[in-house]
Amino acid sequence: MGALSGYWLLDPEVIEDPYPFYGALLREAPVYRVPGAQVYLVAPWALVHEVLRNDQDYSANLTGILVTGEGGAPELFDLRQFGGTVDAIANADEPSHSVHRRLVMPQVHARRVAALEEEVRDWARAGVARLCAAGQGDCVGELANPIPVQVMARLVGLPLDDVERLLGWAFAGGDILAGTTTVARMLEIGAATAELSAYLRGHFAAALERCYEPPGTLAEELALGVRDGLVTEQEAIGILVVLVGAAGESTSSLVGSAIRLLAQDAALQQRLRQQPALIDAFVEEVVRLESPFRGHYRVVLNDTSLGGVELPTDSRVLLLWAAANRDPAVFADPDALDIARADIGEHLGFGYGIHFCIGARVARMEARIILEELLGQTREFSIDTGSPLRHVPSIFVRRLTTLNLQLTA
């Protein structure tokens, strides 16, 4: 397992810039037990894959997470205090996972996503135009935060007027996994999650009454699943809760990171303006280099070993996508942004295998269109040096709090 001197998981500097820590994990402690908790960080690409391929010894159910204890040290928080495990979509095991995925997939397939592009472009065009007119502004608040939630609302069948509330609930859901959250804050988040569940239950009740065929939204798709006995109403609500949180956190993180990297590289900006077909590869490299979700938990079902480390039953492993995506055993010059790298598709930024992110196609589309509009409406943009760059204090998500730009149209 190995000792890791000089790094503390919850150190604000480590959270803001985790990559030296991840590098040390890869070199010195590939499977590292968090001091004081039965939680093991898994950094290497090969070991992460080993866990993902083994559903006999590892469960995706979210039953416990790291929080900040009274003394400031990380400790394991039992999520069953919230009334049970989280076992929807990404956190579900088979056979439930396949059922959930089959119900959601029709609303995120290529044709459905393509049909959303025009409206997404309208939103992006208007947001960029406002930034350009002012010559400056926060692209996180204008683009990265609202647009993914608007898309999610369209897919689920929720009112666009509720985007601000949905965004607040989505970010509160991300706080559950932040690791920096205290037990007292967890109770507040539990109340917010209950509010979101009640809100979604009200909208889902209307979908149950309609039960359209063919369904036009995710809520209607899940309503048919309830009618046909594939899932319970409670399971359907759980799926929607997970999707609301994932849409707000992950795509906002991706878009913010992509704009930040371009704002810091005028030559790359110009290259993508001249060759917009390269934007897709750029987005993929951003997902690798600045993984929107830094990792996900697994529960150890049986005493087992990983990388020579014994893992006891009911311990947790935190699979660090963000560390595996910079593993030099897989990626040449892993800390460099290289949109021409041959192994770009090997990253784990969207997960892997049966749990590959079901919304990846949507996220890629949103990021591409926002970048196309930002590059197309500007001659250059750069980071406002008067506004420091900070990410949310989370070991789970890589999301900028703000990103103030100077823009020249």
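Positions are given from 1 along the sequence.
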Worksheet item: Judged by atom type as modelled, is there a donor-acceptor pair below 3.5 Å linking the side chain of Q406 to the main-chain atoms of S382?
Response: no

Discussion item. If the threshold is 4.0 Å, N to carboxylate O, is there a salt bridge linking R201 and E233?
Written reply: no

Practice prompt. Would you check, one step at a time, whether the test salt bridge (Lys or Arg N to Asp or Glu O under 4.0 Å) holds for R121 with E118?
Written response: CA-CA 5 Å; R121 191 171 298 281; E118 184 176 352; over 6 Å; no

Fill in: Heavy-atom pair with the smallest gap, counting every atom of A336 and L289
O-CD1, 4.0 Å

Worksheet item: How far does CG of L407 sit from CD of E380, to the nearest 0.5 angstrom?
Response: 9.5 Å

Practice prompt. Check the pair V108, R361 against side chain to side chain contact (heavy atoms under 4.5 Å, CB included), reporting the backbone distance first and the verdict last.
Written response: CA-CA 7 Å; V108 293; R361 181 180 285 114; 5.7 Å; no

Worksheet item: Any side-chain heavy atom of I344 within less than 4.5 Å of one from R288?
Response: no

Discussion item. Applying side chain to side chain contact (heavy atoms under 4.5 Å, CB included) to D338 and F331, what does each step give before you reach the verdict?
Written reply: CA-CA 10 Å; D338 180 5; F331 302 100; over 6 Å; no

Fill in: Pairwise distance CG(L243) to CG(L222) - rounded to 0.5 angstrom
8.0 Å

Worksheet entry | Donor-acceptor pair, side chain of T68 and main chain of A73, under 3.5 angstrom | no

Practice prompt. Would you verify whether the NZ or CZ of R294 falls within 45 degrees of the ring axis of Y22 while also being under 6.0 Å from that six-membered ring's centre?
Written response: no

Item to complete: To the nearest 0.5 Å, tell me how far I89 CD1 sits from R101 CZ.
Response: 7.5 Å

Worksheet item: Between R271 and I339, is any pair of side-chain heavy atoms under 4.5 Å apart?
Response: yes

Worksheet, complete the sentence: Correct closest heavy-atom pair for L403 and R260 would be CD2-N, 3.6 Å

Item to complete: Say whether, by atom type as modelled, one donor and one acceptor occur between the side chain of S394 and the main chain of F396 under 3.5 angstrom.
Response: yes

Worksheet item: Got D55 and D93 here, is their nearest side-chain heavy-atom distance under 4.5 Å?
Response: no

Item to complete: Step by step, work out the side-chain hydrogen bond (donor to acceptor under 3.5 Å, both in side chains) result for N302 and D57.
Response: CA-CA 5 Å; N302 310 293; D57 292 319; 2.9 Å; yes

Discussion item. Contact between S291 and L348 at the side-chain level, heavy atoms closer than 4.5 Å - yes or no?
Written reply: no

Worksheet item: Which of these passes side-chain contact (heavy atoms from CB on, under 4.5 Å) with Y58: V299, L311, L319, L52?
Response: L311

Worksheet, complete the sentence: Per side-chain contact (heavy atoms from CB on, under 4.5 Å), S253 is matched among R399, E290, H391 by R399

Worksheet item: Which pair of non-hydrogen atoms, one from F171 and one from S252, has the smallest distance, and what is that distance?
Response: CZ-OG, 4.4 Å

Worksheet entry | side-chain contact (heavy atoms from CB on, under 4.5 Å) partner of T181, the single match among D175, I176, I65 | D175

Discussion item. Could you report the tightest heavy-atom contact between I395 and L177, atom names first, then the distance?
Written reply: CG1-O, 4.0 Å

Worksheet item: If you measure from CG on L103 to CG on L218, what distance do you get to the nearest 0.5 Å?
Response: 9.5 Å

Worksheet entry | Stepwise side-chain hydrogen bond (donor to acceptor under 3.5 Å, both in side chains) check, Q38 with Y40 | CA-CA 7 Å; Q38 285 279 14; Y40 298 79; 3.3 Å; yes

Worksheet item: Checking N61 side chain against N91 main chain: does a donor-acceptor pair fall under 3.5 Å?
Response: yes

Worksheet item: Around atom CD of E13, are there more than 12 heavy atoms of other residues, nucleotides or ligands at under 6.0 Å?
Response: no

Item to complete: Report yes if the side chains of W123 and P146 come closer than 4.5 Å at any heavy-atom pair, otherwise no.
Response: no

Worksheet item: CG/L167 to CZ/R165 distance, rounded to the nearest 0.5 angstrom?
Response: 13.0 Å

Fill in: Intermediate values then yes/no, side chain to side chain contact (heavy atoms under 4.5 Å, CB included), T251 and V255
CA-CA 6 Å; T251 311; V255 171; 4.2 Å; yes

Discussion item. Main chain of P312, side chain of S315: is a donor-acceptor contact present, judged purely on distance under 3.5 Å?
Written reply: yes

Worksheet item: Just by modelled atom types, is the R125 backbone N or O under 3.5 Å from a matching donor or acceptor in the Q377 side chain?
Response: yes

Worksheet, complete the sentence: To the nearest 0.5 Å, atom CD1 of I383 lies from atom SG of C139 at 8.5 Å

Practice prompt. Using the side-chain hydrogen bond (donor to acceptor under 3.5 Å, both in side chains) rule, take Q150 and R154 through it: C-alpha gap first, then chi angles, then the decisive distance, then the call.
Written response: CA-CA 6 Å; Q150 288 171 307; R154 277 284 187 254; over 6 Å; no

Fill in: F282 side chain near P276 side chain, heavy-atom distance below 4.5 Å
no

Item to complete: Kindly indicate whether the side chain of V392, heavy atoms from C-beta on, has any atom under 4.5 Å from the side chain of T180.
Response: no

Worksheet item: Just by distance, do the side chain of E50 and the backbone of N54 share a donor-acceptor pair under 3.5 Å?
Response: no

Item to complete: Determine the minimum heavy-atom distance between P159 and A153, stating which atoms define it.
Response: O-CB, 4.5 Å

Practice prompt. Start with the C-alpha distance between M105 and I358, add both sets of side-chain angles, then the distance that settles side chain to side chain contact (heavy atoms under 4.5 Å, CB included), and finish with yes or no.
Written response: CA-CA 7 Å; M105 189 60 77; I358 198 165; 3.9 Å; yes

Worksheet entry | Check: G386 main-chain N/O paired with D384 side-chain donor or acceptor under 3.5 Å | yes

Item to complete: Using the six-membered ring wherever Trp is involved, compare the ring planes of Y32 and F21 and label them parallel, tilted or perpendicular (cut-offs 30° and 60°).
Response: perpendicular

Worksheet item: If only atom types and distance count, is the side chain of R341 paired as donor or acceptor with the main-chain N or O of D333 below 3.5 Å?
Response: yes

Worksheet entry | W321 and its ring pair (Phe, Tyr, Trp, His ring centres under 6.0 Å) partner, picked from H347, H296, H355 | H296

Worksheet item: With a cut-off of under 6.0 Å to the ring centre and 45° to the axis, is R326 in cation-pi contact with Y19?
Response: yes

Item to complete: Answer yes or no: are there more than 12 heavy-atom neighbours, outside E164 itself, under 6.0 Å from its atom CD?
Response: no

Worksheet item: Judged by atom type as modelled, is there a donor-acceptor pair below 3.5 Å linking the side chain of E220 to the main-chain atoms of R210?
Response: no

Worksheet item: L254 versus V287: any side-chain heavy-atom pair under 4.5 Å?
Response: yes

Worksheet item: Taking all non-hydrogen atoms of both residues, which atom of A88 and which atom of H100 are closest, and how far apart?
Response: CA-ND1, 3.7 Å

Item to complete: Show your working on salt bridge (Lys or Arg N to Asp or Glu O under 4.0 Å) between E372 and R368 and close with a plain yes or no.
Response: CA-CA 6 Å; E372 285 173 349; R368 170 178 57 78; 3.4 Å; yes

